Amino acid sequence: MHQALYREFRPSRFEELIGQDHIVRILKSQIASGSTSHAYLFSGTRGTGKTTTARILAKALNCTGEGEKPCGVCDNCRAIAEGSFIDVIEIDAASNNGVDNIRDLTDSVMYAPTVGKYKVYIIDEVHMLSQGAFNALLKTLEEPPEYVVFILATTEPQKVPATILSRCMRLDFRRVSEKALVENMRRICDAKGIEAEDGALSLIAVNADGSVRDSLSILEQCICPGEPLRRDDAAAVLGTAGEESLLKLTDCVIDSDTSGALLMLNNIINSGADVRSFMKEWLEHFRNLLLARYVDKPGDMLNMSDENAARLIAQAGRVSQDFLDRAVRELTGTISETRWSPRPRVMLEMSIVKLSQPQDKAAEAVVGPQSGQAAQRQATAPSVQAGAGRVQAQPQPRPRAATPDPAPAPQMAAEPQPAVFEEDPYIDQYQDIPPWEELSPAPEPDVSAPVRQEEAAAPAGAEAAKPQPVDQAAGGFSEMDWREAVEAAASQHGMFSRLNGRTHLVGADGDMIRVSCDDDNTETMLRNRAKAALEEIIEKQMGKHFSIDIVKKNMSGNGGADADRQREELEAFFGRSVDIN
């Protein structure tokens, strides 16, 4: 039966381990002096030899041969290598993570070894044990019988409780250097009779990123019996995914090579990479560049090989802090938007075009999330002009006040105009029309009366000097309050950012808020996922509970029935006839 390369060439002695000399020295010294610990914790990234080292240690503890241990030829060593030695028990904590599984283990600990000198328990992926299982293991792990040795292996030591860590000797496995990976693959290729170019092996080592198992798995995909292994063959199997592709794409963006960046993206996608997953990887790459600018040795912190860390540091020296800030903001916004986009590739290509522009031009082309919010906060309030039963919203500066002061009656327009409602992602047609009863304590003006000539001839400066009404909707809730609630929701969860600019306040009546949506997807999201959260945020914001009522908005532009409904709502809202064009 065929065996994978990483199984066929698995090390069987300490001398065959790659890139873990510090661990080999400690274990060999303990075995020679008879001072091995009762419990070990092997931690490190995937494919660095944790389970392999645990099996070699189990062989050394039970080896009956002469000289350096393990000998690899005695009956115990061969039985452990074959997996038939009954005193070496391997447990997968990913599937045996319950309290009952650990209780069975602690019960079996009380039985002495049958064949060997030590009974060795190897628990792989120990971080996946439940809290109850960890608690059940504590006492046995701290004071096991003298013939029992525990070896715990994990890729995420931060998830292991401190009470477990304090009872073990922790040995951290490092990522293997690219040079060592290439030498190991060269040895295997020679043993298999495969001719391989150095460039092909180097490319495989770069994409393995310090993992011996990954390097052998990729090598097995690339080799073809009877044919030499070329760099082009390895590149065809790997595509352009990996750290090397991220570095090349970022270089194109830094050099303002828009064409090269788009072609690189095309190669990445054609190689089978998912667009959304790649965007997250690229965002993580910019984060790594940021850390490389300020951390002396980022390789350990970023959990990557020394060679990849050196390439990252070199690229970080070519970019500015402003560029990194712009790139992170642009990609973050694109990732958020592509959650609902049917064509995420188009949005990523637009981001690449923006990022590859020079800094001065990109500042004009890129509008970040905060820019839109700042523009919204500077939105102007309307002055209401009434005449012959018609209302028109005019943008005017307005103050924000918790309790508006009484304002004078609205000024009559010189020439009454019909209300003109324009589609705008930030200012909706209804948002800033204040209710008449809050504009002034004075009696409601007779809008049917003819316009006086002296008012029509009043200079613009005189009208601007008069106090303007405070933008406040009925029930004490305004469009700005709605925008602030949406922004607060978006800061808590990125999915709510879709509501910003796509939802608009139609009106408010008592404790009821009427909101419209620009498209069906936004309306569905607001009804199903965001409504309760926004109502809770508004209640905290206003100190009063408001219920959200979602009204249908006419998207076709020629729906007469919808226009009639809007006119009826406005007439009921203002208590007077209103014409809409």
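Remember, it's a predicted structure, so these values are computed and weren't measured experimentally.
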Give a yes or no on whether a salt bridge exists between [X] and [Y], defined as a side-chain N under 4.0 angstrom from a carboxylate O.
| X | Y | value |
| --- | --- | --- |
| K159 | E156 | yes |
| R326 | E330 | no |
| R329 | D325 | yes |
| R186 | E183 | no |
| D172 | R174 | no |
| R311 | E178 | yes |

Heavy atoms of other groups near E66 CD, more than 12 under 6.0 Å: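 Not buried by this count: 12 neighbours or fewer within 6.0 Å.
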Around atom CD of Q158, are there more than 12 heavy atoms from other residues, nucleotides or ligands closer than 6.0 Å?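 Yes.
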Derivation of the side chain to side chain contact (heavy atoms under 4.5 Å, CB included) call for E142 and S166: CA-CA 9 Å; E142 182 177 17; S166 63; over 6 Å; no
Ignoring hydrogens, what is the shortest heavy-atom contact between [X] and [Y]? Give both atom names and the distance.
| X | Y | answer |
| --- | --- | --- |
| I218 | A208 | CD1-N, 4.3 Å |
| L5 | I223 | CD1-CD1, 4.4 Å |
| I80 | A58 | CD1-O, 3.7 Å |
| I313 | D296 | CD1-O, 4.3 Å |

Roughly how far apart are T106 OG1 and L141 CG, rounded to 0.5 Å?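 Answer for the OG1-CG pair, T106 versus L141, is 11.5 Å.
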Distance in Å, I23 CD1 paired with F14 CZ, rounded so as to fall on 0.5 Å steps: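 It is 10.5 Å, given to the nearest 0.5 Å.
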Name the one of L61, V88, D87, V148 that satisfies side chain to side chain contact (heavy atoms under 4.5 Å, CB included) with Y118?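 That would be L61.
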Walk me through whether E307 and K179 qualify under salt bridge (charged side-chain N to carboxylate O under 4.0 Å, His left out). CA-CA 9 Å; E307 292 80 3; K179 180 180 179 181; over 6 Å; no
Any donor-acceptor pair under 3.5 Å linking the side chain of K248 with the backbone of A261?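 Such a contact is absent between K248 side chain and A261 backbone.
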Quick check: does any side chain N or O of T338 sit under 3.5 Å from a backbone N or O of T334, one acting as donor and the other as acceptor?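 Flag set: sc T338 to bb T334 pair under 3.5 Å.
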Testing the 3.5 Å rule here: is there a donor-acceptor pair between the side chains of [X] and [Y]?
| X | Y | answer |
| --- | --- | --- |
| Q315 | D251 | yes |
| T52 | R10 | yes |
| S35 | Q30 | no |
| S43 | T154 | no |
| S215 | Y6 | no |
| N266 | R345 | yes |

With heavy-atom distances below 4.5 Å as the criterion, would you say the side chains of [X] and [Y] are in contact?
| X | Y | value |
| --- | --- | --- |
| V99 | F134 | no |
| H285 | T250 | yes |
| I86 | V115 | yes |
| F42 | T48 | no |

Are F150 and Y40 an aromatic pair by the rule of ring centers under 6.0 Å?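 No, the ring centres sit 6.0 Å or more apart.
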Apply salt bridge (charged side-chain N to carboxylate O under 4.0 Å, His left out) to residues E197 and R231 and explain how you reach the verdict. CA-CA 7 Å; E197 293 182 352; R231 180 183 174 87; over 6 Å; no
Assess whether side chain to side chain contact (heavy atoms under 4.5 Å, CB included) is satisfied between I537 and E484, documenting all intermediate values. CA-CA 10 Å; I537 291 174; E484 292 176 352; over 6 Å; no
Tabulate below the donor-acceptor pairs under 3.5 Å that side-chain atoms of residues 67-79 make, not counting sequence neighbours, or state none.
{"residue": "E68", "atom": "OE2", "partner": "K28", "partner atom": "NZ", "Å": "2.7"}
{"residue": "K69", "atom": "NZ", "partner": "C63", "partner atom": "O", "Å": "3.4"}
{"residue": "K69", "atom": "NZ", "partner": "G65", "partner atom": "O", "Å": "2.9"}
{"residue": "D75", "atom": "OD1", "partner": "R78", "partner atom": "NH2", "Å": "2.7"}
{"residue": "N76", "atom": "ND2", "partner": "N62", "partner atom": "O", "Å": "2.8"}
{"residue": "R78", "atom": "NH1", "partner": "V73", "partner atom": "O", "Å": "2.3"}

CA sep, side-chain torsions, deciding dist, call: V237, I204, side chain to side chain contact (heavy atoms under 4.5 Å, CB included): CA-CA 10 Å; V237 172; I204 294 173; over 6 Å; no
Would K192 and E8 count as a salt bridge (charged side-chain N to carboxylate O under 4.0 Å, His left out) if you check the C-alpha gap in whole Å, the side-chain angles of each, and the deciding distance to 0.1 Å? CA-CA 11 Å; K192 302 285 285 187; E8 182 179 355; 3.7 Å; yes
